[in-house]
Amino acid sequence: MKRHLTWFIIGGVLYSTIEILWRGYTHWTMTLLGGIVLMIFSYLDEYLEDINILVKAILGTFIITVLEFLFGLIINVRYNLKVWSYENVPYNILGQICPIYTFFWFILSIFAFYLIKKIKLKKKTSAES
C-alpha cells in the first residue's frame, strides 16, 4: 500500500507541476488524475517488465486519454467546472480529448515509464548495498 501511495503522490506532484509550467495553473482534480495515472503505470511496468518502453508508452497514452475523457465528462461536462477545454482544437471529442494532446500524452508516457524504471533501479541498487 505504501508503495502505491508513493507513486500516487509522485504522479500528482509531477503532473501538477507540469501543468503549472504549461498553462500557469492547475486544479486539484488534475493532481488526483496524475496520481492515478502514475500508480497505474507502476503496475504496468511491474507486470509488463520485459515489454519495450514504446509499447508501454502507447498503452499509457490510451490509459491517459481514456481517464482524461472520463474525468472531463465528470468535471467539465457534469459539474461544469471548466478545468480544461479542447473545444477549439481540431478533431476534439466533446471538448475533452483531442489528437494533439494524445500525442503529448505519448511523449509524457515515455518519460513516466523511464522515471519509474530509474526509481525502481535506484531502490533495487540501494537495497542490494
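Transitive grouping of hydrophobic side chains (ILVMFWY, heavy atoms separated by less than 4.5 Å) brings Phe104 and Val89 into a common cluster. A continuous path of Ile, Leu, Val, Met, Phe, Trp and Tyr side chains, each step under 4.5 Å between heavy atoms, connects Ile53 with Ile107, placing both in one hydrophobic cluster. Both Leu48 and Ile119 sit in one connected hydrophobic cluster of ILVMFWY residues. Membership requires side-chain heavy atoms under 4.5 Å apart, directly or through other members. Placement of Leu32 and Val66 in two distinct hydrophobic clusters is found when ILVMFWY residues are connected by side-chain heavy-atom separations under 4.5 Å, directly or transitively. Phe69 and Trp105 are assigned to two separate hydrophobic clusters, defined by single-linkage of ILVMFWY side chains at heavy-atom distances under 4.5 Å.
Taking the six-membered ring where the residue is Trp, Tyr43 and Tyr47 present parallel rings, their angle staying beneath 30° rather than reaching 60°.
Applying the side chain to side chain donor-acceptor pair (under 3.5 Å) test to every pair with at least one member in residues 71-82, sequence neighbours left out, gives these pairs: Asn76-Gln96. Among pairs with a residue in residues 43-67, those fulfilling salt bridge (Lys or Arg N to Asp or Glu O under 4.0 Å) read Arg3-Glu46, Asp45-Lys56, Asp45-Lys117, Asp45-Lys120, at least two apart in sequence or across chains.
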> Under the side chain to side chain contact (heavy atoms under 4.5 Å, CB included) criterion, do Val83 and Thr26 qualify, and how do the steps go?
Replying inline: CA-CA 8 Å; Val83 175; Thr26 192; over 6 Å; no

> Are Leu44 and Ile63 close enough, and set up right, to give a side chain to side chain contact (heavy atoms under 4.5 Å, CB included), and what steps lead you there?
Replying inline: CA-CA 11 Å; Leu44 282 177; Ile63 290 167; 3.4 Å; yes

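Centroid-to-centroid, the aromatic rings of Tyr114 and Phe111 stay 6.0 Å apart or farther. Taking the six-membered ring for Trp, Tyr15 and Trp22 have ring centres at least 6.0 Å apart.
Here the shortest heavy-atom pairing between Gly60 and Ser109 reads C-OG, 3.5 Å. Between Phe8 and Met39 the shortest heavy-atom distance is CB-SD, 4.2 Å. Between Ile36 and Phe71, the shortest heavy-atom contact is CD1-CZ, 3.9 Å. Taking all atoms of both residues into account, the shortest heavy-atom contact from Pro90 to Cys98 is O-CB, 4.2 Å. Taking every heavy atom of both residues into account, Ile97 and Thr65 meet most closely at CG2-O, 3.6 Å.
Once rounded to the nearest 0.5 Å, the distance linking OH of Tyr101 with OG1 of Thr61 reads 15.0 Å. Atom OG1 of residue Thr31 and atom CG of residue Leu33 lie 9.5 Å apart, to the nearest 0.5 angstrom. Thr6 contributes atom OG1, which lies 10.0 Å from atom NE2 of His4 (distance to the nearest 0.5 angstrom). Atoms CD1 and CH2, on Ile75 and Trp84 in that order, are 5.0 Å from each other to the nearest 0.5 Å. Interatomic distance, CD1 of Ile110 versus CG of Leu115, reported as 13.5 Å (0.5 Å rounding).
Listed for the Asn92 side chain is a donor-acceptor partner under 3.5 Å among the backbone atoms of Tyr86. Between the side chain of Ser16 and the backbone N or O of Val13 there is no donor-acceptor pair closer than 3.5 Å.
Taking the side chain as every heavy atom from C-beta outward, Ile20 and Tyr25 never approach each other to under 4.5 Å. Leu108 has its side chain within reach of Ile18: a pair of non-hydrogen atoms, C-beta onward, lies under 4.5 Å apart. At a threshold of 4.5 Å between non-hydrogen side-chain atoms, the residues Leu54 and Phe106 count as touching. Put simply, the side chain of Val55 does not reach to within 4.5 Å of the side chain of Leu59, judged on heavy atoms. Using a 4.5 Å heavy-atom threshold, the side chains of Ile100 and Tyr91 count as separate. Contact check for Ile64 versus Phe41: side-chain heavy atoms found under the 4.5 Å cut-off.
Contacts of Thr29 classified as side-chain hydrogen bond (donor to acceptor under 3.5 Å, both in side chains), with partners at least two apart in sequence or in another chain: His27.
More than 12 heavy atoms of other residues, nucleotides or ligands shown are found within 6.0 angstrom of CG on Asn52.
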